[in-house]
Structure formats: C-alpha cells, structure tokens
2 protein chains.
Amino acid sequence: MFYMQELPLRAGGVFDDDALDLTVPAVAAQSSTLAELCTLLDITAELQNHQHLRLRHVRVHRDQTLYRAGQPFKQLYAVKAGVLKAVVLDVNGREQVVGFPMKGSLVGVDGIAYGQHMVEMVALCDSELIVMPMSTIRMLGRCCPGFSRGIYYAMSGELARELSVNMRRGLSTKARLGRFLLDLADRFAAMGYARSVFNLPMPRSDIGNYLGMAQETVSRALLSLEEDGLISLSQRTVCIHDAEALLTLKRLPRHRARQT
Amino acid sequence: MFYMQELPLRAGGVFDDDALDLTVPAVAAQSSTLAELCTLLDITAELQNHQHLRLRHVRVHRDQTLYRAGQPFKQLYAVKAGVLKAVVLDVNGREQVVGFPMKGSLVGVDGIAYGQHMVEMVALCDSELIVMPMSTIRMLGRCCPGFSRGIYYAMSGELARELSVNMRRGLSTKARLGRFLLDLADRFAAMGYARSVFNLPMPRSDIGNYLGMAQETVSRALLSLEEDGLISLSQRTVCIHDAEALLTLKRLPRHRARQT
DNA sequence: CGAGGCTTTGAACTGATTCAACCGCAGTGG
DNA sequence: CCACTGCGGTTGAATCAGTTCAAAGCCTCG
C-alpha cells in the first residue's frame, strides 16, 4: 500500500543493539539522565521521580550505519553529538539523501508507522545518540505530564523541516543551495555554535543528492554565491555574509537584464 | 531560528472555529464517535468508556481555507471526506504546494512544533474533517492505552509520505509524475476505491507546483506516459495500465539508444 | 610519497522552462 | 439562444539552466 515498502531491502544491518556494543566495548557505557534528554530535545515535562532515569548511549563512527531500511523498528534516538545522514534506497537501487540529523534531532521516527525503518541512517562523523526505547517513551508518556506533548513537538518539528525542504522545489539551484546553507546556519546556531561560520559536515556529492542537483552544480553554485559576495568559502568552511540575500534569491525574470 | 517563520504571514483567516460554524449553519452539527475516528486513522486503542465520545465535524467548501499560515495552532483534524491541498507561502510570495491530504490523513501537524501553522490548508473540493482538540488528544492519551501510540503512528505516516516525496528529487519529470500517480492510486485504494482508475482531484497547475515542474511539462509528460501505454487519460480521469513500469521509470543512460 | 577520495573546471548536450497562441468548456448576461 | 468571458488544458518554438562526460587539481592519510 505504500510503495516505499517495495524497496529492495538490504540484508539486516550489523548494528543492532548487541553488535553495537561489541564495536565500542570500552566507551559504550555512557548514559544520560532523562533530564538531559529533555533539555536536548527541548522538552519541558514534569519528570516526577524519573528525573534521574538513565538512558543508554550508542556510538557510531564515521561511515558506520545506525540502522538500515527494512530493519525492525525498536526505538527512537536523540542525537547528542555528531551528524548523520538519512538515505532511502530507490526501487532502481538509486540512493537519495533525505536528511542530515544533528545534535538535538529526533532520529528513527521513520520506523514507527510500519514497524520497520524506511531509511538507512549513516554517520557522517563519529556521533553519539541517546537511546529511547518505545516502552520507555510509553511509560514516560503515562506518568510524566507533558512528555507525550514533547514527543509530539519533536516529531512535528521533524515534519516541519521536511516541509521546508519540500518547499525548495521550483527554486533555482542557487536559491536551493542558499536556503540549505541558511538551514545549516540555523541549526548550528540552535546548537550553540556560530551561526555565520561553520564547516559543512558532508561532501558535495551528498549536498547535491540531497538538493537534487549534480555535485558539479553544487561547486559552481557555491562559487557563484561567493562571487556575489553572499558567502565566502574555502574547502568545507563556509562563512555567511548576507543571510537576507541568501533567503530571497530568486530566478530573475527572463527577458530582463541588469538595469543601470 | 527556523526560517519558515519569516514568511509574510497573511492576515488571520476567516475560518476560526466560530466563523466556520457560521458558514455552514445547517449541517455543521455533524459529529463522529471516537471509535469512528480511530477506524479512520487506523488506530487500535483500548477506548475504555470513551467509545462513544463524540467529536465535532468541520466542513469546508471548494476553495475555502481550513487554516492559514501563521494562525495559532489549536487542534488536529482527520479528513473524513474530500481532498485538500497544503500550501506554504515563500518569503518572495511564491506559493508551494506541499501535500494533498485526503480521507484518513491527519491534518494540522504542521502547527504543533511552533504553536502556529506553517502551511495554508485549502479544500480542493467540498470536504469534511473531524476536529480533534489537543486537550482531547492529551486526555485520551492518558486514559486510553494505545491512543498516543496511534497518534505517533499517524504522524510517522505523514512523515513517511513526506520522505517518499523528498525521494523524488533527482528523477526525471516522467518518473516523478509516474510516482505521483502511483501514490494517488495507493491512497485511493487505501480509501476503498479503485486503484487503477480515478479522477485527479487537482488541476494540472497544482500537480506541476507540487512536483516542481511547469504545468505545460505536466501535460506533456502525461501525454508521453499515455503514448508509452502506461496510462490512459481523458480530462482528469486517469487509468493506470502498468503500475510496475510507472514505478521503475528511469532516466535512460545518456549515450545509449534503443537496442533491436 | 603515492593512492584514492573529494573538488573544481571545461565543453557539449539536452530536458525542461518560458512565452505565446489556441482549444474547449462552463457560466453569464444580453 | 448565442456571443462573451475566463479558466483549465494543450501545443509549438526558442532559449536556457543544469547535466553529463572528461580531465585535471588538491587534500588527506596510510
């Protein structure tokens, strides 16, 4: 009934709970309190006596996979550090990047609806996530007023982000890229880092795939933005000079050249 | 922090709770039971003694607006009949169609995260929705085991749909259109109608906007699909002949022509 | 230092847009 | 009853934005 289910599901991933622990035996014992989780996800709930409930961490190294499409859904995650990418595998084997979760993002929501994940979640750099088993979420929903609402908020937030992505259709490549940079800037700012200067956590090819353009086009569009004075960049370091202009970039009317 | 908030918000819509009742004074008294709602949204929960709790309906006529971007978020809706379109207004005033909720869809989720709606929800034909105030949802979440989970499911389902839309980037126009048609077919089938023959509820221009192509391109691509024998169409009536082929349409390799 | 991944640059090509005209139908009003 | 108007849809022709292919430059890391 939902055609993404018809994807050619890969063999079960190596990274179910146990395997993960094996890969990072020494440091996997990390955990966070419920209070820390709520801060991270921007949830305000009355935690009652669960304040200090401890939640396991999971670590994934660069290029490692957190979960694959088709794997049974078990739990949600909150990104505590690092950046991941979400990829869906097409019927034809084509890969499509659909998101870059980072600190504060709720990860794994794609698995709730059909009991199995629809995307593959890969780490772009060494990352750390807080594990939130569904049973725990349900328990907290029952006894902590506001917790369910918080999860709703977080999920709605993820949906809002998807919407803002979908909004980019029909824009020129430069405009799409401009908004992408602003989106990253906002997210870095929300994480407490500098808004206007940051490192791109992903290669050009992933940006291109994500935005629906060739990686060569990403290069050229970035260069063009730099020539316009809106940004400056060297390698993966981006500095945003004119956020307003980046946001309002538009396809200029056809038979209309520069004036004065 | 989230740039969609910077949209030029329209003046408050005409259709807050009271205004809506005024527009449809005679028939607005319709309501559904909680059990009916759960069936519609595919929620399986223990409803306890709330089985027959009644939920108000809301009717919107063709081209009327359910809510506008910027309006305060109050409640969710479940589409009981009809088709709507979700539109976001760009900074530049450009409109972007981001979805076509229909029977069984959960509507309004875009408002949860930031307390105000980010999209404008317009009826494509006379439609009827069940109103789900957040207070009711929270109450039911507390006393009906499985209800919160059901809402999570529904939200995750909406997110999955968005993902499948995002997956279409990077495909040719014909392929995007093919998947769009399949998506509609699946949704009609889920609603109990015929899968392979249906009416497009929206004009070509909305399809084009939604898929990120000019409406002329929609025309041409539809014609092309018909010439390939994958569909047949007259006006807004579509008949799908080869769903498999529609799904696997792909950009054929550049320097490679037909063989034998 | 060398290999391989990432990025940039160049040049040809093409799919899609744009602009413009036209068709057909529905509703309106004379 | 029929011209008139407007909207949705189709078709055609010119143009362009972005892709594709190719090659070279540049970092990083073993």
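So that the names make sense, note that chain A is the first sequence line, chain B the second, and so on, each numbered from 1.
- The two atoms that bring F198(B) and L181(B) nearest to each other are CZ-O, 3.8 Å, heavy atoms only.
- Sorted by residue number, the members of residues 216-235 of chain A with any non-hydrogen atom under 4.0 Å from DNA chain C read E216(A), S219(A), R220(A), L223(A).
- Rounded to whole angstrom, the span from the CG atom of D63(B) across to the P atom of dC7(D) amounts to 12 Å.
- Under 3.5 Å, the side chains of N209(A) and E95(A) contain no donor-acceptor pair of N or O atoms.
- In this structure, R94(B) places its CZ atom 13 Å from P of dT17(C), rounding to the nearest Å.
- If you measure from atom CG of L177(B) to atom P of dG15(C), you get 17 Å, rounded to the nearest angstrom.
- Atom C1' of nucleotide dG9(D) and atom CE of M202(B) are separated by 16 Å, given to the nearest angstrom.
- Atom CG of L171(A) is separated from atom C1' of dA17(D) by 14 Å (rounded to the nearest Å).
- Atom CG of residue L246(B) and atom CG of residue L177(B) lie 8.5 Å apart, to the nearest 0.5 angstrom.
- Rounded to 10°, the angle separating the first-five-pair axis and the last-five-pair axis of the helix from dC1(C)-dG30(D) to dG30(C)-dC1(D) equals 30°.
- Taking the six-membered ring where the residue is Trp, the centroids of Y210(A) and F100(A) are separated by under 6.0 Å.
- Rounded to whole Å, atom P of dT17(C) lies 13 Å from atom CZ of R169(A).
- Atoms CG and CZ, on L222(A) and R220(A) in that order, are 12.0 Å from each other to the nearest 0.5 Å.
- Checking the phosphate oxygens (OP1, OP2) of dG8(D), no side-chain nitrogen or oxygen of R236(B) falls inside 4.0 Å.
- Using modelled atom types, one finds no donor on one side chain facing an acceptor on the other under 3.5 Å when comparing Y193(B) with N199(B).
- Here CD1 of I207(B) is found 12.5 Å from OG1 of T217(B). Values are rounded to the nearest 0.5 Å.
- Side chains of Q96(A) and D90(A): a donor-acceptor N/O pair is absent below 3.5 angstrom, by distance only.
- Within 4.0 Å (heavy atoms only), G212(B) reaches sugar-phosphate atoms of the nucleic acid but no base atom.
- Atom C1' of nucleotide dT19(D) and atom CE of M213(A) are separated by 12 Å, given to the nearest angstrom.
- Of the candidates dT20(D), dG18(D), dT7(C), dT7(C) carries the atom nearest the R204(A) side chain, counting heavy atoms from C-beta on.
- From K85(A), atom NZ reaches atom CE of M202(A) across 9.5 Å, with rounding to the nearest 0.5 Å.
- Atom CG in N199(A) sits about 12 Å away from atom P in dT7(C), given to the nearest Å.
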